Asker: 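Mind looking over this structure? Questions follow.
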Amino acid sequence: MSHENIQVILDGDENAPLTIVLAHGAGAPMDSPFMDQMAGELAGLGCRIARFEFPYMAKRRLDGKKRGSDRAPVLLEFFGDVVDQLGGPGQLVIGGKSMGGRMASMVADDLGVAGLVCLGYPFHPPGKPENLRTEHLTGLKTPTLICHGTRDPFGTPDEIAAYDLADTIALHWVADGDHDFKPRKSSGRTQSQNIKDTATAINDFTRGLVT
């Protein structure tokens with residue numbers, strides 16, 4: 001099923017060689033403060049960013065009712081439709097926040113995109129390290145950057161170091177960041193600093209993909 005004219009927010013330089021397509025997390029929309037700031041920082045570095053909403057979140061925008069996320073097959077198919085609408089995979093880096101990044105990671109190889117960026121990958125549900133969501137990451141062929149807080153309950157640095165992740169995956173550690181990249185006050189850092197540093201890492205990564 002093709003979705004005609006999916007609503008997309010575009011930011012940044014329309015002549016950038018690659019467009020970074022960012023999906024939202026499970027509970028917050030494409031224009032959440034986190035997503036707004038990340039898009040703004042990336043645009044300021046000369047990147048082009050496209051944001052979209054999965055069907056359940058788009059419905060919430062229409063009627064204000066909170067609903068659970070669509071099932072994975074719906075989300076994955078929709079990601080493909082977004083890629084089609086934006087003009088094909090070769091000039092796209094796909095990714096997103098938490099669940100959005102996870103869904104992107106599950107279709108990246110099939111779609112043939114230039115790269116993948118995950119903002120806080122949900123390696124496992126908080127408190128359930130045995131429920132791993134890493135199986136497809138062991139053979140991932142798409143160049144990938146996972147940006148992950150050092151205090152993220154969805155996967156600690158020690159846990160992640162023990163995972164069998166593909167050589168295509170690089171990690172950017174967000175200093176003292178939680179799942180939203182927020183540090184503790186005692187760290188002397190701010191969430192804005194962490195988002196800015198992450199945007200720089202993403203910019204460096206995407207520019208390295210341009211041949």
Side-chain angles (χ1 to χ4, degrees), residues 3-62 69 75 78-105 107-108 111-121 142-149 170 172 174 177 179-182 190-210:
H3 300 81
E4 294 300 316
N5 295 327
I6 298 160
Q7 259 201 313
V8 175
I9 300 176
L10 293 168
D11 295 285
D13 181 1
E14 60 187 53
N15 297 313
L18 294 171
T19 297
I20 303 168
V21 185
L22 293 179
H24 55 83
M30 62 180 169
D31 56 357
S32 67
F34 178 95
M35 295 289 281
D36 275 350
Q37 189 179 351
M38 184 62 74
E41 293 290 352
L42 286 166
L45 294 168
C47 299
R48 181 155 173 80
I49 309 92
R51 288 178 278 165
F52 70 94
E53 285 178 343
F54 292 115
Y56 78 96
M57 190 62 74
K59 283 180 198 152
R60 181 163 119 182
R61 189 174 290 279
L62 292 175
S69 66
L75 300 175
F78 196 78
F79 226 127
D81 290 344
V82 171
V83 166
D84 285 345
Q85 180 172 311
L86 290 170
Q91 283 72 51
L92 301 180
V93 174
I94 65 170
K97 175 91 170 69
S98 193
M99 178 203 78
R102 182 184 172 211
M103 292 301 132
S105 73
V107 294
L111 292 175
V113 292
L116 170 69
V117 171
C118 300
L119 306 170
Y121 186 85
T142 305
T144 300
L145 181 66
I146 294 178
C147 306
H148 202 78
H172 166 71
V174 181
H179 197 52
D180 292 321
F181 299 174
K182 274 186 189 154
T190 64
Q191 186 187 29
S192 290
Q193 272 180 307
N194 277 345
I195 290 175
K196 194 180 183 85
D197 288 354
T198 300
T200 299
I202 293 169
N203 181 50
D204 292 346
F205 167 72
T206 55
R207 291 190 187 279
L209 300 174
V210 180

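Keep in mind that this is a model prediction, so the values were computed, not measured.
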Asker: Give, for atom OG1 of Thr190 and atom CD1 of Ile195, the distance between the pair rounded to the nearest 0.5 Å.
Answerer: 8.5 Å
Asker: Can I get a per-line list of side-chain donor-acceptor pairs under 3.5 Å for residues 32-45, giving both atom names and the distance, sequence neighbours left out?
Answerer:
residue : atom : partner : partner atom : Å
Ser32   : OG   : Met35   : N            : 3.2
Asp36   : OD1  : Arg51   : NH1          : 2.8
Gln37   : NE2  : Ser192  : OG           : 3.2

Asker: Could you tell me if the side chain of Ile202 sits less than 4.5 Å from the side chain of Leu119, heavy atoms only?
Answerer: yes
Asker: Give the minimum heavy-atom separation between Asp31 and Arg61, together with the two atoms involved.
Answerer: OD1-NH2, 3.0 Å
Asker: Could you report the tightest heavy-atom contact between Ala201 and Leu145, atom names first, then the distance?
Answerer: O-CD2, 3.7 Å
Asker: Roughly how far apart are Leu75 CG and Met103 CE, rounded to 0.5 Å?
Answerer: 5.5 Å
Asker: Show the nearest heavy-atom pair for residues Gly46 and Ala16, with the distance to one decimal.
Answerer: O-CB, 3.7 Å
Asker: Indicate every side-chain donor-acceptor pair of residues 91-100 with a distance under 3.5 Å to a residue at least two apart or in another chain.
Answerer:
residue : atom : partner : partner atom : Å
Lys97   : NZ   : His179  : O            : 3.0
Lys97   : NZ   : Asp180  : OD1          : 2.9
Ser98   : OG   : His179  : NE2          : 2.8

Asker: Roughly how far apart are Cys118 SG and His148 NE2, rounded to 0.5 Å?
Answerer: 10.5 Å
Asker: Is the distance between the ring centroids of His24 and Phe54 less than 6.0 Å?
Answerer: yes
Asker: Taking side chain as C-beta onward, heavy atoms only, is Leu209 less than 4.5 Å from Phe205?
Answerer: yes
Asker: The test is side-chain contact (heavy atoms from CB on, under 4.5 Å); show your working for Ile49 and Leu22 and say whether it passes.
Answerer: CA-CA 7 Å; Ile49 309 92; Leu22 293 179; 3.9 Å; yes
Asker: Do you know the tightest heavy-atom contact between Glu53 and Pro29?
Answerer: OE2-CB, 3.1 Å
Asker: Taking the inter-plane angle between the rings of Phe79 and Phe52 on a 0 to 90° scale, is it parallel (under 30°), tilted (30 to 60°) or perpendicular (over 60°)?
Answerer: perpendicular
Asker: Which heavy-atom pair separates Cys147 from Val174 by the least distance, and what is that distance?
Answerer: C-CG2, 4.3 Å
Asker: Nearest 0.5 angstrom please: Asn203 CG to Cys47 SG, how far?
Answerer: 4.0 Å
Asker: I need the Leu10 CG to Leu86 CG distance, nearest 0.5 Å.
Answerer: 7.0 Å
Asker: Measure the spacing between CZ of Arg48 and CG of Asp11 and express it to the nearest 0.5 Å.
Answerer: 8.5 Å
Asker: How close do Ala26 and Met57 get, counting heavy atoms only, and between which atoms?
Answerer: O-CE, 3.7 Å
